[in-house]
Structures are given as structure tokens and as C-alpha cells.
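Data block below; observations after.
From a predicted model like this one, the values you see are computed outputs, not experimental measurements.
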Amino acid sequence: MPALLTAWVCALFYGMPPLYWLLALPLLLTATFMSTLAEIRDEGRRKRDKRLWSSMDVPKADVVGTARSALEGIGALQLKRFVFPWGKIYFVSAWSKLGVAQPRESRTDSDAPSPASAGAALWSLAAAVSGFLAARAMGSSPHGFRIETSVVRVAACILAGALCVVFAVSRTRRPSFANVTMFLGTFAVGLIHW
């Protein structure tokens, strides 16, 4: 999956000015994070960390604890030492044979956002900004696609509105699908040139 994401990013930004490659950095960072996800096995006195390119044994005495990350299905194994490149070992809970600690109790204030909802909001914001900027980058090239006629502008605005409604309806049950619809909606808006 990381290789496919990297290939898609390179194909999408091929021939673009170097400034637009800055837009690809979050996607390339995501591909890097995905390639560092581990599979953790609890083997009594030690834990085995198996990654894409290597495997290592971690003595149980070096483990500070486990926790859930802001991403659903991803856990974090905290060690007494820094682990390259993120400081912790992030693992996929479904692949691993390791219990994950329950998240810490949130504040009693009901208005305080939980870390998971804050993370989801950041992913949605990133999808919206990425869609708009990708469309602007695509439309600014000499042979780029732009929406310039009034009828097509109205159709693009209606499509963007419909995609925003789909986002609002599906964001709690299917957040990944909702973020894709947000990306497509802002991409449609970004193609409009007034």
C-alpha cells in the first residue's frame, strides 16, 4: 500500500513545478508512516517487533506501556528509549498479538474534544485543503483543466454541495469515505476560475 500511494503521488505531481511538490509531502509522509507500522507479538519476557524491513526483540523491561493512537486500529508501544523514526513503535492492532491499554479518561468537561475527534477533524481539514490545492495546481499549468463557463461553474458548485452533504452524513460512520468526498468536493471548487 505505501508503494502504491507513493506511485500515485508521483504520477499526480509529474511535470508540476517544484513548489507544488510541497503539497505531496503530507502524502509521502503518510506513505512513510504506513511502511513503518509493525506487528508486535508478546512472547513472555520479550516482545518481537516485526516491520517491513527488519525484526527485533525488545526485552519486556524496556517497555513503558502501550496505548491507542489517534488513528483507529493503530496502537503505540512506548519504550524507555527513542525508536527511529517516530520515537515509539506504532503497530496495527489487528496484526498484533498484544493487548492495548484503554485510552485515558477524558476530562469531565463534556465540551472538551477527545483526541480521536480532534484527529478526525484534522484529517478532514487536510483532505479539504489538499483537494483545493491539488485542483489549483492542476488548473494553473498551461494545459491544465479549468472550469470557466457559467453553466459548468453552477454544476461544479452543486456537485461540491452534494459531496459536502455526503461528508456530513457519513463522517461518523465511515470517516475515510467522508474524507474522500471532502477531497473531491473541494477539488471541484478549486477547479472553478472566476
Side-chain angles (χ1 to χ4, degrees), residues 1-10 12-13 18-134 171-172 174-180 182-183:
M1 197 64 186
L4 289 175
L5 180 60
T6 303
W8 179 78
V9 167
C10 291
L12 180 67
F13 288 94
L19 179 64
Y20 292 114
W21 278 87
L22 292 175
L23 301 174
L25 286 179
L27 295 173
L28 293 174
L29 186 63
T30 301
T32 303
F33 178 75
M34 289 169 59
S35 67
T36 62
L37 289 174
E39 173 185 351
I40 305 288
R41 302 253 179 220
D42 192 350
E43 298 178 349
R45 295 168 143 185
R46 61 191 175 122
K47 296 186 187 297
R48 177 173 289 281
D49 167 22
K50 185 177 172 188
R51 297 186 189 190
L52 181 64
W53 61 86
S54 68
S55 179
M56 71 178 189
D57 288 331
V58 177
K60 211 165 195 175
D62 288 351
V63 176
V64 174
T66 60
R68 295 176 193 236
S69 71
L71 302 172
E72 186 176 337
I74 305 292
L77 182 68
Q78 178 71 44
L79 301 181
K80 292 179 181 176
R81 59 183 163 75
F82 180 84
V83 181
F84 180 79
W86 314 113
K88 300 176 183 178
I89 299 174
Y90 288 93
F91 61 93
V92 179
S93 300
W95 298 348
S96 301
K97 301 262 194 261
L98 178 70
V100 177
Q102 294 299 320
R104 292 185 195 120
E105 299 239 353
S106 61
R107 294 180 283 182
T108 56
D109 184 12
S110 61
D111 296 332
S114 69
S117 66
L122 285 175
W123 279 112
S124 298
L125 179 64
V129 170
S130 300
F132 186 78
L133 292 177
R171 72 186 177 99
T172 55
R174 298 185 60 199
S176 298
F177 174 74
N179 288 339
V180 169
M182 177 60 76
F183 176 87

Quick one: side-chain contact (heavy atoms from CB on, under 4.5 Å) partners of Leu133, sequence neighbours excluded? Leu23, Val129
Grab the two heavy atoms, one from Ser93 and one from Gly75, that are nearest each other, plus how far apart they are. OG-N, 3.9 Å
Taking C-beta and beyond as the side chain, do Leu79 and Val64 meet within less than 4.5 Å on heavy atoms? no
For the atom pair CG (Leu37) and OG1 (Thr32), what is the distance rounded to the nearest 0.5 Å? 11.0 Å
Using ring-ring contact (aromatic ring centres under 6.0 Å, His included) as the criterion, list what pairs up with Phe33, not counting sequence neighbours. Trp86, Tyr90
Over all heavy atoms of both residues, which pair between Asn179 and Ser124 is shortest? Give the atoms and the distance, please. OD1-OG, 2.8 Å
Side chain to side chain contact (heavy atoms under 4.5 Å, CB included) between Ile74 and Val92: does it pass, once the steps are laid out? CA-CA 5 Å; Ile74 305 292; Val92 179; 4.1 Å; yes
From Lys88 NZ over to Thr66 OG1, what is the distance, rounded to the nearest 0.5 angstrom? 10.5 Å
Using every non-hydrogen atom in the two residues, find where Met182 and Ala128 come nearest and quote the distance to one decimal. CG-CB, 3.7 Å
